[in-house]
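Chain identifiers are assigned alphabetically (A, B, ...) following the order of the sequence lines, protein sequences preceding nucleic acid strands; residue numbering begins at 1 within each chain. Please read all numbers here as calculations on a predicted model, not as lab measurements.
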Protein chains: 2
Amino acid sequence: MRPYCYRGRMPRVVDHEQRRWEIVYALWLVIAQHGIEGVSLRHVAAEAGVSMGRIQHYFGTKEALVLAGCTSLVQSAYGGYRETADAAPRERLLHVVSQQIPRDDAGRMGVSVWYAYVAKSINDSAVRQVLAEARRGAEEECVRLIRADRDDRADLAGAGPGDDADDPAALQQARRLLALADGLTLRVLVGDLEPAEAVSMLEAEVGRL
Amino acid sequence: MRPYCYRGRMPRVVDHEQRRWEIVYALWLVIAQHGIEGVSLRHVAAEAGVSMGRIQHYFGTKEALVLAGCTSLVQSAYGGYRETADAAPRERLLHVVSQQIPRDDAGRMGVSVWYAYVAKSINDSAVRQVLAEARRGAEEECVRLIRADRDDRADLAGAGPGDDADDPAALQQARRLLALADGLTLRVLVGDLEPAEAVSMLEAEVGRL
DNA sequence: CCTGTTACGATGCGATCGTATTGCAAAACA
DNA sequence: TGTTTTGCAATACGATCGCATCGTAACAGG
């Protein structure tokens with residue numbers, strides 16, 4: 001996002017990514033505490049301890065800031081998933097569906113922000129596209145994990161992997177798991193359900209594959 | 001909510017409930033189209049074709065109006081459920097969990113508004129209490145329906161009803177069904193899932209009880 | 001040192017917000 | 001026919017909003 005003709009000149013060197021991240025994190029705090037309604041450039045600036053001018057400099061408009069907060073949230077979740085790369089498919093599957101269950105205050109904040117964006121996505125097409133892409137990615141990854149897990153167990157039984165055509169059974173399983181995880185997450189978030197119970201329900205569901 | 005010493009004097013007779021409902025319906029339209037962020041007294045007044053003064057007269061403050069829209073939404077859903085009073089438990093159960101799946105534009109509007117309130121409930125304790133009470137009611141009703149359905153089938157097999165102690169199995173089934181319905185509803189709402197597929201998944205889930 | 005570019009704080013503007021206030025028309029009662 | 005009470009439209013007000021603009025400090029290259 002530099003000027004079109006960047007040739008190495010950059011006075012006043014600062015870490016742009018660091019600055020942007022500080023502001024996005026403050027944005028998340030504001031959303032978690034006051035909802036998306038409570039987001040104003042002044043509030044975010046105060047929470048981050050910076051001036052409004054800085055936010056304008058790095059994000060331009062409020063809409064761009066809010067959207068950047070959404071993409072950062074998605075990428076942060078994806079980063080957490082990649083750290084499980086060397087686990088068994090079944091463990092990774094359980095991580096995908098139960099990672100969002102809020103267990104501590106940090107988790108509560110993340111999932112509060114996520115739900116705020118979900119609601120916003122109903123009326124905001126840019127946010128909707130970001131979340132739709134993330135959901136499609138999660139769905140496809142779940143399908144892969146379900147098939148990998150099934151193949152693992154088929155190998156134990158001496159059979160080869162199934163056909164590679166699209167797998168409606170696995171797709172439906174994935175959708176069911178993810179939808180169930182979303183619903184349980186909400187109930188934990190509003191205090192209607194204990195985190196442990198939600199996780200154990202998801203474990204049971206994954207175990208029945 | 002009349003003056004404390006009402007003795008039948010009431011000039012300028014109007015139907016208060018009708019007036020309130022017109023305003024609440026306009027509020028729902030605004031929420032469905034622009035989200036809760038887009039709610040302002042002026043917008044709602046314009047959508048309802050009335051003056052701001054009337055909204056102030058009937059609801060006082062914006063916060064009270066938004067909360068009234070929430071309780072009206074809950075009661076409207078409850079009214080829809082009571083119309084199924086003379087159906088079999090299993091049919092009623094399917095209605096409870098699949099009624100919120102949006103099938104037409106009216107359904108989409110209702111569930112958009114509902115999701116907006118869900119997100120708001122994270123930071124608004126009054127809304128949270130209304131939704132929590134509704135959720136608890138739905139959960140208890142589902143438990144009743146699941147047990148009634150089970151007893152029906154036990155009667156066919158010649159056995160009596162089970163014990164009346166709290167039923168952890170039925171409770172967990174109810175929670176799982178409702179959470180799954182919430183997650184599927186969201187996916188249909190944002191266009192990631194066809195309504196028919198969501199309903200058929202819920203039918204399969206209810207059928208496996 | 002000089003010049004150019006970047007980073008960003010400070011400030012101002014017009015729009016919009018929720019709400020308090022005011023005033024008046026219509027209807028019930030005296 | 002007043003009088004009173006209600007229903008509501010109109011408007012005024014102060015706060016807050018997003019954003020544009022301006023000024024300047026910091027630094028790189030010449």
- Query: Hey, which of these two, G53(A) or S40(A), hits DNA chain D nearer its 5' end, going by closest nucleotide?
  - Reply: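 Between the two, 5'-proximity favours S40(A).
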- Query: How is V39(B) classified with respect to the nucleic acid when contacts are heavy atoms under 4.0 Å: base, sugar-phosphate, or nothing?
  - Reply: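 Sugar-phosphate: the residue V39(B), judged by heavy atoms under 4.0 Å, touches backbone atoms but no base.
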- Task: Under 4.0 Å between any heavy atoms, over every strand shown, what does R42(B) touch: base, sugar-phosphate, or nothing? Just pick one.
- Result: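 If one applies the 4.0 Å heavy-atom cut-off, R42(B) turns out to touch a base.
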Between [X] ([atom1]) and [N] ([atom2]), how many Å, whole number?
| X | N | atom1 | atom2 | value |
| --- | --- | --- | --- | --- |
| E37(A) | dT16(D) | CD | P | 16 Å |
| E22(A) | dC8(C) | CD | C1' | 14 Å |
| E63(A) | dC17(D) | CD | P | 18 Å |
| R20(A) | dC8(C) | CZ | P | 12 Å |
| L41(B) | dC8(D) | CG | P | 16 Å |
| F59(A) | dC8(C) | CZ | P | 12 Å |
| H57(B) | dG18(C) | NE2 | P | 20 Å |
| H43(A) | dA15(D) | NE2 | C1' | 11 Å |

Sub-4.5 Å side-chain heavy-atom contact between [X] and [Y]:
| X | Y | value |
| --- | --- | --- |
| R128(B) | S125(B) | yes |
| V188(A) | E197(A) | no |
| M52(A) | V44(A) | no |

If only side-chain N and O atoms of [X] are considered, is one of them under 4.0 Å from the OP1 or OP2 phosphate oxygen of [N]?
| X | N | value |
| --- | --- | --- |
| R19(A) | dC8(C) | yes |
| H16(A) | dT6(C) | no |
| Y58(A) | dC8(C) | yes |

- Distance only, no hydrogens: is a donor on one side chain within 3.5 Å (strictly under) of an acceptor on the other, for Q129(A) and E133(A)?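 No.
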- Query: Just checking, any donor-acceptor pair under 3.5 angstrom between side chains of Y25(B) and E47(B)?
  - Reply: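 Not at all, the side chains of Y25(B) and E47(B) share no donor-acceptor pair under 3.5 Å.
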